Amino acid sequence: MKTLVAPSLLSANFADMKPDIDMLNRSEADWFHMDVMDGVFVPNISFGLPVIKAVKKYTDKPLDCHLMIVKPENYIDAFAEAGADIMTVHVEASPHLHRTVQAIKAAGMKAGVSLNPHTPVSSIQHMIADLDLVLIMSVNPGFGGQKFIEFAVDKVAEVKALAEKHNPSLYIEVDGGVTDQNAQKLVDAGANVLVAGSYVFKAEDRESAISSLKL
Ligand code: DX5
Ligand code: ZN
């Protein structure tokens, strides 16, 4: 199977998103990556439920919602109702991760867990079999356009080793500073979903930039 590509709408034109949505619909993008930030868990505020609901109307592609917020467990039903297909919470923001993951699945969504760059893979080792997706952050969350942190590649390989043993169909997603320059080594390490914001939206030919990540 080819790597899935999930362009991040954080880099889209918020004053006029429809052309960007149409471009993603035409492109080889597999999922829409939606970065929700609360100004508490991360030092930035992006967008929330009304934007997810609005985007949902204009695409049939799955909405991959990455919640960089505290207390994500309070919003599970709201995200399901807004049209989220995948709900990914941060392990650092979820003291009762097991309960939260079960609740996300009970609400009909795929459940993902994200790790900040410094958070060890061992923090989710016992949860691997329960998860649909693990999101390895390759920048410190909060902003698009940052430099890729190299040791994320080793973390992807660690997740891949756990997945092979306990959950072969796990989505292993990487987010932050992904370009055509580092995509291959991420895929070689075991990544099967690549998020890309600025690499896609700053490209002259955005659809080709998306295709260049379909490895
Ligand atoms: C960062 C977000 C990313 C961001 C990636 O906190 O989670 O999804 O949009 O942007 P790039 O690809 O520009 O690093
Ligand atoms: Zn993200």
Side-chain angles (χ1 to χ4, degrees), residues 3-14 17 20-21 23-24 27 29-48 51-52 55 61-70 72 75 79 84-94 109-119 132-153 155-156 171-187 191-204 206 208-215:
T3 307
L4 304 184
V5 179
S8 168
L9 276 83
L10 191 61
S11 292
N13 177 7
F14 288 174
M17 277 177 97
D20 290 342
I21 294 169
M23 179 277 293
L24 293 177
S27 77
D30 297 279
W31 298 348
F32 282 32
H33 186 80
M34 312 280 297
D35 288 301
V36 178
M37 304 180 184
D38 66 353
V40 179
F41 180 67
V42 287
N44 196 10
I45 299 173
S46 57
F47 53 77
V51 172
I52 288 169
V55 170
K61 298 192 183 190
L63 300 188
D64 171 34
C65 298
H66 175 194
L67 274 65
M68 287 159 275
I69 68 172
V70 298
Y75 301 95
F79 273 88
D85 297 278
I86 302 157
M87 178 166 167
T88 296
V89 301
H90 268 262
V91 60
E92 305 85 3
S94 307
M109 296 176 285
K110 288 196 175 11
V113 169
S114 182
L115 305 184
N116 277 340
H118 75 282
T119 303
D132 296 301
L133 180 149
V134 171
L135 173 53
I136 297 295
M137 289 306 303
S138 42
V139 298
N140 287 293
F143 304 92
Q146 302 181 81
K147 192 173 172 296
F148 181 79
I149 296 172
E150 287 293 334
F151 65 67
V153 180
K155 291 178 72 180
V156 169
Y171 289 116
I172 304 175
E173 184 175 35
V174 182
D175 185 6
V178 173
T179 69
D180 60 347
Q181 300 301 302
N182 50 30
Q184 189 64 57
K185 67 182 164 197
L186 289 166
V187 171
N192 49 24
V193 188
L194 298 176
V195 175
S198 45
Y199 171 68
V200 165
F201 282 91
K202 284 198 175 146
E204 202 140 302
R206 298 166 171 197
S208 302
I210 291 168
S211 299
S212 75
L213 300 177
K214 296 279 311 168
L215 300 172

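Heavy-atom basis, side chains included; hydrogens, waters and symmetry copies ignored. Here, residue 1 is the first one in the sequence, and each next residue gets the next number. Start at 1 and go down the list; that is how both ligands and their atoms are numbered. All of these numbers come straight from a predicted model, not from anything done at the bench.
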Can any side-chain N or O of D20 pair as donor or acceptor with the backbone N or O of N13 at less than 3.5 Å? yes
Quick check: does any side chain N or O of S114 sit under 3.5 Å from a backbone N or O of L135, one acting as donor and the other as acceptor? yes
Which atoms from ligand 1 have a heavy atom of M68 less than 4.0 Å away? 6 (O), 7 (O)
With respect to D175, determine whether any N or O atom, backbone or side chain, lies less than 3.5 Å from an N or O atom of ligand 1. yes
Atom 10 (O) of ligand 1 has as its nearest protein heavy atom G144 CA, 3.5 Å
Closest heavy-atom contact between K61 and S27? NZ-O, 2.9 Å
State the atoms of ligand 1, each with its element, that fall below the 4.0 Å cut-off from a heavy-atom position in F143. 1 (C), 6 (O)
When you measure from the side chain of Q146 to the backbone of N140, do you find a donor-acceptor pair of N or O atoms at a distance under 3.5 Å? yes
Please check: side-chain N/O of D132 versus main-chain N/O of K110, any donor-acceptor pairing under 3.5 Å? no
Main-chain N/O of G176 paired to K147 side chain as donor or acceptor, under 3.5 Å: no
Of the protein's non-hydrogen atoms, which lies at the shortest distance from atom 12 (O) of ligand 1, and what is that distance? G197 N, 2.8 Å
Which residue supplies the protein heavy atom nearest to atom 6 (O) of ligand 1, what is that atom called, and how far is it? G142 N, 2.8 Å
Just by modelled atom types, is the T179 backbone N or O under 3.5 Å from a matching donor or acceptor in the N182 side chain? yes
Mind listing the side-chain donor-acceptor pairs of residues 29-40 below 3.5 Å, one per line with the distance, residues two or more places apart or on another chain?
unit_1, atom_1, unit_2, atom_2, d
D30, OD1, K214, NZ, 3.3
D30, OD2, V5, N, 2.8
D30, OD2, K214, NZ, 2.7
H33, ND1, D64, OD2, 2.8
H33, NE2, D35, OD1, 2.9
H33, NE2, H66, ND1, 3.4
H33, NE2, D175, OD2, 3.2
D35, OD1, H66, ND1, 3.0
D35, OD2, S8, OG, 2.6
D38, OD1, V40, N, 2.8
D38, OD1, F41, N, 2.8
D38, OD2, V70, N, 2.8

Using a 3.5 Å cut-off on N or O atoms only, is G145 in polar contact with ligand 1? yes
So the atoms of ligand 1 within less than 4.0 Å of a heavy atom of H33 turn out to be 8 (O)
Under 4.0 Å from any heavy atom of G176, which atoms of ligand 1 are there? 14 (O)
Atom 14 (O) of ligand 1: the protein heavy-atom neighbour that sits closest, reported with distance to 0.1 Å: G177 N, 2.8 Å
Taking NZ, NE, NH1 and NH2 as the nitrogens, is one of them in K185 or E150 under 4.0 Å from a carboxylate oxygen of the other? yes
Atom indices of ligand 1, in the order listed, that fall short of 4.0 Å to a heavy atom of P141: 6 (O)
Nitrogen or oxygen of V139 less than 3.5 angstrom from that of ligand 1: no
May I ask you to identify the nearest protein heavy atom to atom 2 (C) of ligand 1, giving residue, atom name and distance to one decimal place in Å? D35 OD1, 3.4 Å
One finds that the ligand 1 atoms under 4.0 Å from a non-hydrogen atom of S198 are 11 (P), 12 (O), 13 (O)
2.8 Å shell around the Zn ion (ligand 2), exclusive bound, protein N/O/S atoms: 4
Can you name the atoms of ligand 1, numbered from 1 with element, that are less than 4.0 Å from a heavy atom of A196? 12 (O)
Would you kindly say whether Y199 and S11 are connected by a side-chain donor-acceptor distance under 3.5 Å? no
Need the ligand 1 atom indices (1-based, order shown) with element for anything under 4.0 Å from a heavy-atom of H66. 7 (O)
Can any side-chain N or O of D85 pair as donor or acceptor with the backbone N or O of L63 at less than 3.5 Å? yes
Nearest-neighbour protein heavy atom for atom 9 (O) of ligand 1, which is reported as residue plus atom name and distance: S8 OG, 2.8 Å
What is the distance from atom CG of L67 to atom CZ of F79, rounded to the nearest 0.5 Å? 4.0 Å
E92 versus T119, closest heavy-atom pair with distance: OE2-OG1, 2.5 Å
Main-chain N/O of Q181 paired to Q184 side chain as donor or acceptor, under 3.5 Å: no
